Amino acid sequence: MERTLAIIKPDAVVARQVGAILQRIEGAGFTVRAMRLVRLSQVEAEGFYAVHRERPFFGSLTAFMSSGPAVVLALEAPDAIRKWRALMGATDPGKADVGTIRCDFGTSIEHNATHGSDAQDTAAFELGYFFAGGELGEDAER
Ligand code: ATP
Ligand code: MG
């Protein structure tokens, strides 16, 4: 089993697409281990995306991510990191395969509906950014 951090970004929350995206997540066989509606501050968004600090879109991205509520989820499945990124599709919705979440719900390369961790080390950092061990069932019977 593997876990990944998924975010339903503010564009998809404001467009009332949380339910539709959750349906795809569960339909694809992921177990939702933890989930919360969050309203990130600019500073919290900057901390989350610290690896992108030098990118030209950093200011715009972190302003967008703190523009309204987002849903953070801990998803569990075999090969969860790769599988969730496949379900999301390419970063740019215009290049994402038909039937992927970003193709169907994203509207621009920045407003692309969802986030997913890209490797095991970033998944561990990102899950820890939003969830305490207990919330993930680390210290409880599954
Ligand atoms: P994510 O990390 O959100 O799952 P990703 O790994 O596909 O997406 P990254 O390169 O990590 O893409 O970029 C992080 C986020 O920054 C993207 O999801 C998107 O919202 C935004 N972004 C990426 N490239 C651009 C760009 N050229 N212009 C504006 N925003 C961008
Ligand atoms: Mg990324």
Side-chain angles (χ1 to χ4, degrees), residues 1-139 142:
M1 275 299 167
E2 188 174 75
R3 285 181 187 163
T4 191
L5 190 276
I7 303 179
I8 303 176
K9 295 185 179 183
D11 58 330
V13 175
V14 80
R16 298 195 170 91
Q17 289 158 342
V18 172
I21 292 171
L22 281 175
Q23 201 156 25
R24 292 193 186 201
I25 288 171
E26 293 193 321
F30 290 96
T31 299
V32 177
R33 261 306 148 209
M35 175 168 70
R36 193 163 65 241
L37 189 80
V38 297
R39 175 69 196 255
L40 296 182
S41 67
Q42 175 84 30
V43 168
E44 286 166 336
E46 288 171 2
F48 179 76
Y49 279 119
V51 291
H52 293 316
R53 193 165 290 279
E54 304 306 325
R55 307 277 282 273
F57 56 81
F58 181 72
S60 172
L61 172 62
T62 54
F64 161 57
M65 290 299 288
S66 56
S67 66
V71 178
V72 293
L73 306 106
L75 302 183
E76 187 172 88
D79 200 20
I81 295 169
R82 189 204 56 77
K83 192 176 159 181
W84 170 234
R85 290 182 72 83
L87 195 64
M88 290 195 297
T91 306
D92 182 350
K95 294 178 181 153
D97 288 344
V98 171
T100 60
I101 289 171
R102 283 166 164 172
C103 173
D104 292 346
F105 302 116
T107 54
S108 72
I109 191 166
E110 182 174 271
H111 295 187
N112 58 1
T114 52
H115 163 84
S117 310
D118 60 11
Q120 291 196 359
D121 57 341
T122 51
F125 166 77
E126 293 178 359
L127 287 163
Y129 201 81
F130 291 110
F131 299 111
E135 290 176 280
L136 296 169
E138 306 287 289
D139 54 7
R142 293 268 168 91

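Order of appearance sets the numbers: ligands from 1, and atoms from 1 within every ligand. Atoms considered below: every heavy atom in the structure, side chains included; atoms not considered: hydrogens, waters and symmetry mates. Remember, it's a predicted structure, so these values are computed and weren't measured experimentally.
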| request: Run the numbers for me: atoms of ligand 1, each under 4.0 Å from some heavy atom of K9, listed by number. | output: 3 (O), 17 (C), 18 (O), 19 (C), 20 (O)
| task | Answer with side chain, backbone, both or neither: which part of I109 has a heavy atom less than 4.0 angstrom from an atom of ligand 1? | result | both
| field | Presence of salt bridge, R24 and D104, under 4.0 angstrom | value | yes
| Are any of the N/O atoms in L61 less than 3.5 Å from those in ligand 1? | no
| said: Main chain of A119, side chain of T122: is a donor-acceptor contact present, judged purely on distance under 3.5 Å? | reply: yes
| message | Which of the numbered atoms in ligand 1 are under 4.0 angstrom from any heavy atom belonging to Y49? | response | 3 (O)
| request: Measure the acute angle between the ring planes of F48 and F130, then classify it against the limits of 30° and 60° as parallel, tilted or perpendicular. | output: tilted
| N112 heavy atoms, cut-off 4.0 Å: which ligand 1 atoms fall inside? | 17 (C), 18 (O), 19 (C), 20 (O)
| What part of R102 sits under 4.0 Å from ligand 1 if we count only heavy atoms: the side chain, the backbone, both or neither? | side chain
| query | Looking at atom 3 (O) of ligand 1, what's its closest protein heavy atom, distance included? | reply | H115 ND1, 2.9 Å
| message | Give me the nearest non-hydrogen protein atom to atom 14 (C) of ligand 1 as residue plus atom name, then the distance to 0.1 Å. | response | H52 NE2, 3.6 Å
| said: Tell me the protein heavy atom at minimum distance from atom 4 (O) of ligand 1, and give that distance in Å. | reply: G116 N, 2.9 Å
| With distance as the sole test, does T62 use its side chain to make a donor-acceptor pair with the main-chain N or O of F58 at under 3.5 Å? | yes
| remark: Of E126, H111, E110, the residue with the heavy atom nearest atom 20 (O) of ligand 1 is E110
| request: Using a strict 4.0 Å threshold on nitrogen-to-oxygen distance, state whether E2 and K83 make a salt bridge. | output: no
| request: Return yes if some donor-acceptor pair links the side-chain N/O of T4 with the main-chain N/O of L75 below 3.5 Å, else return no. | output: no
| task | Would you mind telling me if ligand 1 is within reach of the side chain of F64, the backbone, both or neither, using heavy atoms under 4.0 Å? | result | neither
| Do the side chain of Y49 and the main chain of E44 share a donor and acceptor less than 3.5 angstrom apart? | no
| Does L73 offer a backbone N or O that forms a donor-acceptor pair with the side chain of R36 under 3.5 Å? | no
| query | Is D11 reaching over with its side chain to a backbone N or O of A113, donor-acceptor style, under 3.5 angstrom? | reply | yes
| What is the closest protein heavy atom to atom 29 (C) of ligand 1, and at what distance does it sit? | F57 CB, 3.5 Å
| said: What protein heavy atom lies closest to atom 6 (O) of ligand 1? Include the residue and the distance to one decimal. | reply: R85 NH2, 3.1 Å
| field | Protein contact of atom 7 (O) of ligand 1 - nearest heavy atom, named by residue and atom, plus distance | value | T91 OG1, 2.4 Å
| What protein heavy atom sits nearest atom 10 (O) of ligand 1, and how far away is it? | R55 NH2, 3.5 Å
| query | Less than 4.5 Å apart, any side-chain heavy atom of V72 and any of M35? | reply | no
